[in-house]
Trainee: 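Mind having a look at this structure? Questions to follow.
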Amino acid sequence: MKNIESALKNAGAGLKDVVRTRMYVTNIANGKKVGKAHGEFFRDIRPATSMVEVSALISPEILVEIEADAVLL
């Protein structure tokens with residue numbers, strides 16, 4: 001989440017500009033925790049969101065990957 005916030009800041013944007021997120025988790029049993037963290041981070045912004053379980057991510061130690069789409073005007 002901090003990486004997303006930093007990338008947005010570097011582009012002259014902020015979390016308020018995020019319109020969609022996608023969360024990829026390697027174990028859907030962790031989905032509730034991931035969703036809670038996402039909700040706390042985005043609070044009132046409420047972007048469209050989806051969560052998908054995948055068999056693996058690029059490195060075995062990575063358990064969650066999050067994509068964010070933002071609209072910059």
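Since we're looking at a predicted model, the values are computed, not measured.
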Trainee: Provide the closest heavy-atom pair for Arg46 versus Arg43 in the form atom of the first, atom of the second, distance.
Mentor: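 Closest approach of Arg46 to Arg43, heavy atoms only: CD-O, 3.2 Å.
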Trainee: Should we say atom CG of Leu72 is surrounded by more than 12 heavy atoms from elsewhere, each under 6.0 Å from it?
Mentor: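 Buried by this count: over 12 neighbours within 6.0 Å.
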Trainee: Does Glu65 have any salt bridge (charged side-chain N to carboxylate O under 4.0 Å, His left out) partners at least two apart in sequence or in another chain, and if so, which?
Mentor: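 So Glu65 forms no salt bridge (charged side-chain N to carboxylate O under 4.0 Å, His left out) with any residue.
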Trainee: If I compare all heavy atoms of Ile62 with all of Thr26, which pair ends up nearest, and what's the gap?
Mentor: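 Nearest pair, atom of Ile62 first, then Thr26: O-CG2, 3.9 Å.
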Trainee: Which other residues end up in the same hydrophobic cluster as Ile45, if Ile, Leu, Val, Met, Phe, Trp and Tyr are linked when side-chain heavy atoms come under 4.5 Å apart?
Mentor: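 Other cluster members: Met1, Ile4, Leu8, Leu15, Val18, Met23, Val25, Ile28, Val34, Phe41, Phe42, Met51, Leu63, Val64, Ile66.
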Trainee: Listed by chain and number, what are the salt bridge (charged side-chain N to carboxylate O under 4.0 Å, His left out) partners of Arg22, not counting sequence neighbours?
Mentor: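 Scan of Arg22 (salt bridge (charged side-chain N to carboxylate O under 4.0 Å, His left out), adjacent residues dropped) gives Glu67, Asp69.
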Trainee: Should the heavy atoms of other residues, nucleotides or ligands under 6.0 Å from NZ of Lys16 be counted, would the total exceed 12?
Mentor: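 Enclosed.
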